[in-house]
Amino acid sequence: MNNEKKFLHGHSRGGYLQKLTNLVKTSIRIQLILAFAFCTIISLLVGWASSPFFVSEDRKLDFTEGVVTIDESGRDLVKQMNLMNQDIIELVKDLGDQDPDFKSQFLQGSQPSGKGNAERLTVPYDGKSFYVLSKDELVQYLINTPKQLNNINALITDSGGTVLYRSKGAIDTQVNLQEEMKKAKMPLAGKEHDDHPIVTRIYPITMDGGKNYLLVSGVPKSTSVYVKETGVTPYLLGLITFILCYYFITKRKMREIEEIALGLTEIAKGNLKNRIREKSQDEVGSLATNINYMASELTEMMERQRQTEKLKDELITNVSHDLRTPLTSIMGYMRLVKDHQYKNQAQLDEYVDIAYGKSEQLKILIENLFDFTRLTYEGIQLKREKVSLNQMLRQLMDELDPIAKDHDVMISSNLPKEPILMEVDPNQMVRALENVLTNAIKYSTPSGEIHVHMVKNEHSVQISVSNPCDSLSEEEVARLFDRFYRVDPSRSSNKSGAGLGLAITKSIIELHQGTIRVDYKNEVIQISIELPFQEEHE
């Protein structure tokens, strides 16, 4: 059981693989998609594999840490300014505890006298010592601290840009706040190692109830960074690989298309024997197949046209001959009558009878021409009646038996005894069967036997007429149903007729949805007719 499951699973997988393979083979769209995907993967692999060989190092400066330091210094100053507005005493105490320089600069051993020191602050330290300083000294000390620690300049301006406080080393007395704000918003990116950028940050603050601005600026510290760059060479190699790969993959298909174009050119020049090699099963291969089919159909059509032209020429020649022969006889005998070149009344009657017989022959020929044209090109409405087909054939053989004896030919038959009723046009069917029998009588070799056979099948009736004849070629057998074709090309034998009998018979049988064919073997020719049973009409 397990082995059977494995086999079925493997067979199913193989079936899916076969279907996928056939789908790829028969669709040029899928082939192009796969070719594009394959070339893309190959080009990416080439670019990735070649990139280590084209790496170059570039030294750059990273100012991120320095910018962060400037930002932190600015924010610290803003916090201290806000604390000064809220609780300046607490700010002084915090600075004294945290900064030894502040303590050594503003701490005094005793409390100063209050006279003349109304603007100065006195903040007790330990009950014996006091911090003594003015607000301006406090602000100045605060903005000098970043300068001392990180070489950063700080300015405090009013809303108009006038400098109120500045750190040591700063010389500006007036600044353009609009320009400074633009500088503060500009990002610092892509600086080369020999640049010295200045970073500016601006913060709104409040002092003594008024709106002021704190400007912090400085050159940020940098760290050296080495960046590895591959450049554009690997990408160019990948692109070139893609183009070459796609070119070689599609080269075979393009060559196939070019061969189709050349083949079409040859066919357009009139070389209908030219054929295009069918190399694939996809749409391009289908195009080649259709072009070859078109060329084949054109060849057959032109051959049919040549045959039509040949038949037209034969028509003119044959009709001219067949019409001229009896007409010449009629005119000859009538001229004798007109010129009174007869000896007696009996000879006159003989001339008139001969002329009348030739005119009857001429009439029959013209009627055959008319009937063939009407049956073949215009078509007729069959007047179907239910008749006994075997009885019709038996009656025809009885009527033609004297003619057969005159030609030293004997007719034998094998017909069903029970009536075979079929709905046919009696007149047309009699004419068709008569043409076949008459043709067999004419062309049977002397002392020959014509055999007529009829068989009833479930859906049709088959009639065959066979007779011995002279040796025939394959072309002569194939053309027996062609109009105006006679086996005797010289048309000088005593076998009268214009070569329309079998052509008319074929048209009548086909009007009855039947088929007619001819077989030849060992100097015996057989014409077989098959007529299908028709549904009964109400």
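Model, not experiment: these values are computed from the prediction.
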> Residues two or more places apart in sequence or in another chain: which of them pass ring-ring contact (aromatic ring centres under 6.0 Å, His included) with Tyr213?
Replying inline: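 Testing Tyr213 for ring-ring contact (aromatic ring centres under 6.0 Å, His included), a comparison that skips the adjacent residues, returns none.
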Would you call [X] and [Y] a salt bridge, taking side-chain N to carboxylate O under 4.0 Å as the test?
X: Glu283; Y: Arg29; result: no
X: Asp519; Y: Lys521; result: no
X: Arg306; Y: Glu303; result: yes
X: Asp71; Y: Arg201; result: yes

Where is the tightest heavy-atom contact between [X] and [Y], given as atom of each residue plus distance?
X: Ala295; Y: Leu272; result: CB-O, 3.9 Å
X: Ile152; Y: Ser73; result: CD1-OG, 3.7 Å
X: Ala288; Y: Ile276; result: CB-CG2, 4.0 Å
X: Ile508; Y: His512; result: O-ND1, 2.9 Å
X: Thr200; Y: Ser217; result: OG1-CB, 3.7 Å
X: Gly74; Y: Leu214; result: O-CD2, 3.9 Å

If you count the non-hydrogen atoms of other residues, nucleotides and ligands that lie under 6.0 Å from [atom1] in [X], is the total more than 12?
X: Leu23; atom1: CG; answer: yes
X: Gln174; atom1: CD; answer: yes
X: Met181; atom1: CE; answer: yes
X: Lys135; atom1: NZ; answer: yes
X: Tyr235; atom1: OH; answer: no
X: Glu300; atom1: CD; answer: yes

Could you check whether any side-chain N or O of [X] sits under 3.5 Å from a backbone N or O of [Y], counting only pairs where one atom can act as donor and the other as acceptor?
X: Ser167; Y: Ala154; answer: yes
X: Ser27; Y: Val24; answer: no
X: Thr250; Y: Tyr246; answer: yes
X: Glu278; Y: Ser286; answer: no
X: Gln80; Y: Ile143; answer: no
X: Asn457; Y: His459; answer: no
X: Gln108; Y: Phe106; answer: no
X: Thr289; Y: Gly285; answer: yes
X: Asp158; Y: Asn212; answer: no
X: Asn144; Y: Gln140; answer: yes

>> Evaluate Leu511 against Asp425 for side-chain contact (heavy atoms from CB on, under 4.5 Å), listing each step before the verdict.
In response: CA-CA 10 Å; Leu511 283 173; Asp425 187 321; over 6 Å; no
> Could you go step by step and tell me if Val232 and Phe54 meet the side-chain contact (heavy atoms from CB on, under 4.5 Å) rule?
Replying inline: CA-CA 9 Å; Val232 298; Phe54 300 97; over 6 Å; no
Can you confirm whether [X] sits close enough to [Y] that some side-chain heavy atom of one is under 4.5 Å from a side-chain heavy atom of the other?
X: Ile527; Y: Thr505; value: no
X: Lys279; Y: Val284; value: no
X: Met429; Y: Ile509; value: yes
X: Thr21; Y: Lys25; value: yes
X: Thr69; Y: Lys221; value: no
X: Leu262; Y: Glu259; value: no
X: Tyr141; Y: Gln105; value: yes

> Are Phe36 and Phe242 close enough that their ring centers fall under 6.0 Å?
Replying inline: yes
> What residues, two or more places apart in sequence or in another chain, satisfy side chain to side chain contact (heavy atoms under 4.5 Å, CB included) together with Ile89?
Replying inline: Asp87, Lys93, Val123
Nearest 0.5 angstrom please: [X] [atom1] to [Y] [atom2], how far?
X: Ile156; Y: Leu142; atom1: CD1; atom2: CG; answer: 8.0 Å
X: Leu138; Y: Ile88; atom1: CG; atom2: CD1; answer: 5.0 Å
X: Arg75; Y: Leu77; atom1: CZ; atom2: CG; answer: 12.0 Å
X: Tyr247; Y: Ile243; atom1: OH; atom2: CD1; answer: 12.5 Å
X: Gln281; Y: Thr26; atom1: CD; atom2: OG1; answer: 7.5 Å
X: Leu531; Y: Ile516; atom1: CG; atom2: CD1; answer: 9.5 Å

> In terms of ring plane angle, is the pair Tyr125 and Tyr131 parallel, tilted or perpendicular, where the classes change at 30° and 60°?
Replying inline: perpendicular
>> Pair Asp282, Gln31 - check side-chain contact (heavy atoms from CB on, under 4.5 Å), show working.
In response: CA-CA 9 Å; Asp282 53 23; Gln31 293 175 19; 3.2 Å; yes
> Between Glu256 and Ser280, does any side-chain donor sit less than 3.5 Å from a side-chain acceptor?
Replying inline: yes
> Between Thr206, Val92, Ile205, Val139, which is the residue that forms a side-chain contact (heavy atoms from CB on, under 4.5 Å) with Met84?
Replying inline: Val139
> Given Leu215 and Asp172, is the side-chain contact (heavy atoms from CB on, under 4.5 Å) satisfied, shown in steps?
Replying inline: CA-CA 11 Å; Leu215 281 77; Asp172 296 326; over 6 Å; no
